[in-house]
Amino acid sequence: MMRIPKLIRSSTSEDRRNNNVVVMSSSDLPLAWTRLFVFVFFSSLSVGSSSASVSQPHSNNNTSRLLVSTCTKMDSKNTTECSEKLKESARLGSAFKLLDSNFFSERKVLEIAKGATEFTKPIIKANRKLVASKNGGLHNPSVLIFDSDWDREQAQGMSKRFIYPSLLNVQRPKNEEDIAFMSVLELGTLIKTKQITSQELTRIFLWRLKRYNPVLKAVVTYTEELAYKQAKEADELLAQGKYLGPLHGIPYGLKDIVAVPQYKTTWGSTTFKNQVLNMEAWVYKRLKSAGAVLVAKLVTGSLAYDDIWFGGRTRNPWNIEEFSTGSSAGPAACTSAGMVPFAIGSETAGSITYPASRCGVTALRPTFGTVGRTGVMSIAESLDKLGPFCRSAADCAIVLDAIRGKDPDDLSSKDIPFGDPFSVDITKLTVGYLEDAEMEVVKVLAAKGVNMVPFKLNYTVDSVQGILNFTMDVEMLAHFDEWQRSGQDDVYEAQDQWPLELRRSRLIPAVDYVQAQRARGKLIREVKESFTVDAFIGNATDWEKVCLGNLVGLPVIVVPTGLKNISNPPSIGTRRRTTINTGIYAPPNHDHIALALSMAYQSVTVHHKQRPPINDLGTK
């Protein structure tokens, strides 16, 4: 049994605070100790310059002079040994300088190095062997749990399912192109009224996936055999009078960080492109139980970073000269192009909001903890979220309702008692709008009876982006420690992305990771105090807001608001366009408010119904 050092004590009731701070019991301490020390830099202390001068030590000049003087008075053997220690101290000092810790004397530096060799490194190696031999964060989750709740008492209780609106007089279009761009609610009505079968829909969307993927590069794997099997089962259930709900028989795609048995889960990476994980991700289980039909694994940027993957780079259906951004590149592009009715993507820092904005689709980044992540590649356990890409806010609500809930194997997930977005009285809401909000949305919602007010989110924390980077990179490295140590990062598709960031994060000490989380807690408290409206409208891709929203756990829905001409269009004209959009933000656990406002806006506008020029890939 490993002895716990005295500097870590058993927690007391006073320690068990509930304000977005981790609660640890005494039984948690060994793992907590593991978590803190896995990032310590001692194993890399020898990276400093070996030619550092002994006469220019890194700190405490008086001590240095004394040591040098002592060395010169020794015999030749002892002098050599003493000089070597001074050189070692200088080398270590260079390393400590990288950590902003060059305040130790040479004697203390040597003591630390001795302790690191004898005590710290063995623990690091033991822990790494125990939990870090496999990449991706699929096993051995951290016991340090981020909780985004602002009101813990209100957050308790079981949630109720949403009550969906019934659509009347929905008729099957004659044109399959028109079918492909129908909403989930509309397609569900066609299936329920037996105007179309799930197998027919599956054929239509598989054809479209294969037709447009060579240009868009948005699909990793077609799950054709599975899709027809699930579609047949959906049709048979309906024939027996069993209807599972609005997703019954509806085709969809999954970002390829989500595990599905017997199919490759590549994480978009050359290193893992033949990987098969015979496990069912929680979100896949939820959709399967709702009767949905998986037709494809869609592109993720390599290891969930941007839009570059081992098969190329995903393009934007609205302008194929542009890339989709990422990392949920495939879900955004395929939904935009009518290749799937909806898709599941993920976000750690912008991977839903950016591609949704670029490709002109409606997408929801839900409150942190809303959707279970078991079976999903992990970047950062305290940041990762799964969310839907859809044609409309109503579709986002339907998909969210199917996939939300407590995942028993994801310690961060919870059963959030959302209100029903289909029954929110928006005339009782006060909604703020930032300086960068799309004013058309403000005017439409005001006309619908919403109290719209100018708003500014105030906080004093000026290192929001740095906190996000520290948190994301350190947690990512914990999940891909073996990948880096074995040199597999050398074949990564874009060397200026994860390889560079994760090498840099080796130099983030445990103490400074913890300080970043303390600063994150301060940010959360300030945002909570400043959030005096029911929701606010603002730019969905402003990097500061992306970082803040993910650190705090805020839900946001990306809403298309129009189109504009592309920059430098050809003289003969083109149908390519740049999409315009906005974000509607709500406090944690109030996703239904953002959804209700988005549905109200889309009920009187048609921006979300526009189709990209997918059949005209050249200029016109």
Side-chain angles (χ1 to χ4, degrees), residues 134-142 219-223 225-227 229-230 233 244 247 250-269 272-304 309 327-331 334-335 340 342-348 351-352 363-366 368-389 399-415 475-476 479-480:
K134 294 184 179 180
N135 296 299
L138 297 174
H139 311 283
N140 302 303
S142 169
V219 180
V220 180
T221 303
Y222 302 101
T223 56
E225 182 179 351
L226 175 65
K229 177 177 179 290
Q230 293 180 339
E233 291 171 353
L244 301 178
L247 295 184
I250 304 296
Y252 74 99
L254 285 174
K255 183 176 180 178
D256 198 31
I257 61 171
V258 180
V260 176
Q262 300 177 13
Y263 285 93
K264 293 178 181 178
T265 301
T266 69
W267 301 341
S269 168
F272 302 100
K273 68 180 181 179
N274 294 315
Q275 172 178 255
V276 176
L277 301 171
N278 284 316
M279 60 190 303
E280 283 192 320
W282 173 258
V283 67
Y284 171 65
K285 288 181 182 179
R286 298 289 287 186
L287 289 166
K288 188 167 66 169
S289 67
V293 174
L294 178 66
V295 290
K297 303 288 291 298
L298 306 180
V299 164
T300 170
S302 184
L303 302 185
W309 61 293
S327 64
S328 301
C334 287
T335 305
V340 289
F342 76 93
I344 301 299
S346 70
E347 171 154 331
T348 307
S351 288
I352 288 177
L364 175 69
R365 182 190 74 205
F368 178 84
T370 299
V371 183
R373 303 166 303 181
T374 299
V376 180
M377 190 207 93
S378 178
I379 291 180
E381 291 173 53
S382 73
L383 293 169
D384 295 342
K385 295 158 289 292
L386 297 171
F389 288 75
V399 177
L400 178 70
D401 199 31
I403 63 177
R404 67 191 175 104
K406 175 62 181 174
D407 172 357
D409 295 317
D410 179 355
L411 301 179
S412 295
S413 73
K414 51 204 169 190
D415 198 1
E475 293 184 22
M476 174 68 172
H479 299 141
F480 284 89

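Numbers here simply count residues along the sequence, with the first being 1. The structure presented is a predicted model; accordingly, all values stated were derived computationally and were not measured. Quick note: numbers below take in every heavy atom, side chains included, and nothing from hydrogens, waters or symmetry partners.
- Between Phe272 and Trp267, the angle of the ring planes lies from 30° to 60°, which puts this pair in the tilted group.
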Sequence neighbours excluded and cut-off under 3.5 Å, please list the side-chain donor-acceptor pairs for residues 278-285, or say none.
| from | atom 1 | to | atom 2 | distance (Å) |
| --- | --- | --- | --- | --- |
| Asn278 | OD1 | Gln262 | N | 3.0 |
| Glu280 | OE2 | Lys288 | NZ | 2.4 |
| Tyr284 | OH | Gln230 | NE2 | 3.0 |

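- When all heavy atoms of Val219 and Cys334 are compared, the closest pair comes out as CG2-SG, 4.2 Å.
- Taking 4.5 Å as the limit, every side-chain heavy atom of Arg404 sits out of range of all side-chain heavy atoms of Pro366.
- Panel note: side chain Ser327, backbone Gly301; no donor-acceptor pair is recorded below 3.5 Å.
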_side-chain contact (heavy atoms from CB on, under 4.5 Å) for Leu226 and Val260? Distances and angles first, verdict last._
CA-CA 10 Å; Leu226 175 65; Val260 176; 4.2 Å; yes
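- Looking only at distances, a side-chain donor or acceptor of Glu475 sits under 3.5 Å from a matching main-chain atom of Ser382.
- Listed here is the closest heavy atom pair of Leu138 and Gly375: CD2-C, 3.8 Å.
- A distance of 8.5 Å separates CG in Leu411 from OG1 in Thr374, rounded to the nearest 0.5 Å.
- The CZ atom of Phe368 sits 7.5 Å away from the CG atom of Asp384 when rounded to the nearest 0.5 Å.
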*Any chance you could lay out the side-chain contact (heavy atoms from CB on, under 4.5 Å) test for Leu294 and Tyr252, step after step, and finish with the verdict?*
CA-CA 5 Å; Leu294 178 66; Tyr252 74 99; 3.7 Å; yes
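- If you run side-chain hydrogen bond (donor to acceptor under 3.5 Å, both in side chains) between Asp256 and each of Thr265, Thr221, Thr266, Thr300, only Thr266 comes through.
- Distance CG/Leu254 to CD1/Ile344: 6.5 Å, rounded to 0.5 Å.
- With no hydrogens or angles considered, no side-chain donor-acceptor pair links Lys297 and Thr223 at under 3.5 Å.
- Lys406 has no carboxylate O lying under 4.0 Å from a charged side-chain N of Asp415, or vice versa, which leaves the two without a salt bridge.
- Remark: Arg286 CZ to Leu386 CG distance equals 12.5 Å, nearest 0.5 Å.
- In summary, the side chains of Ser378 and Arg373 do not present any donor paired with an acceptor at a separation below 3.5 Å, with no hydrogens or angles considered.
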*Can you list the steps and then say if His479 with Met377 is a side-chain contact (heavy atoms from CB on, under 4.5 Å)?*
CA-CA 9 Å; His479 299 141; Met377 190 207 93; over 6 Å; no
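- Between atom CG of residue Leu400 and atom OG1 of residue Thr370 there is a gap of 6.5 Å, rounded to the nearest 0.5 Å.
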*asked:* Test salt bridge (charged side-chain N to carboxylate O under 4.0 Å, His left out) on Glu233 and Lys229; report intermediate values, then the result.
replied: CA-CA 6 Å; Glu233 291 171 353; Lys229 177 177 179 290; 3.0 Å; yes
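- Taking all atoms of both residues into account, the shortest heavy-atom contact from Ser413 to Gly372 is CB-CA, 4.0 Å.
- The two residues Ile352 and Ala363 have their closest heavy-atom pair at CG2-CB, 3.8 Å.
- Heavy-atom minimum distance, Val340 versus Gly253: CG1-N, 4.0 Å.
- Here Ile250 contributes atom CD1 and Leu287 contributes atom CG; the two are 12.0 Å apart, rounded to the nearest 0.5 Å.
- For the ring pair (Phe, Tyr, Trp, His ring centres under 6.0 Å) test, no residue two or more places apart in sequence or in another chain qualifies with Phe389.
- For Lys385, there are no salt bridge (charged side-chain N to carboxylate O under 4.0 Å, His left out) partners, not counting sequence neighbours.
- A donor-acceptor contact under 3.5 angstrom links the side chains of Lys255 and Ser346, judged on distance only.
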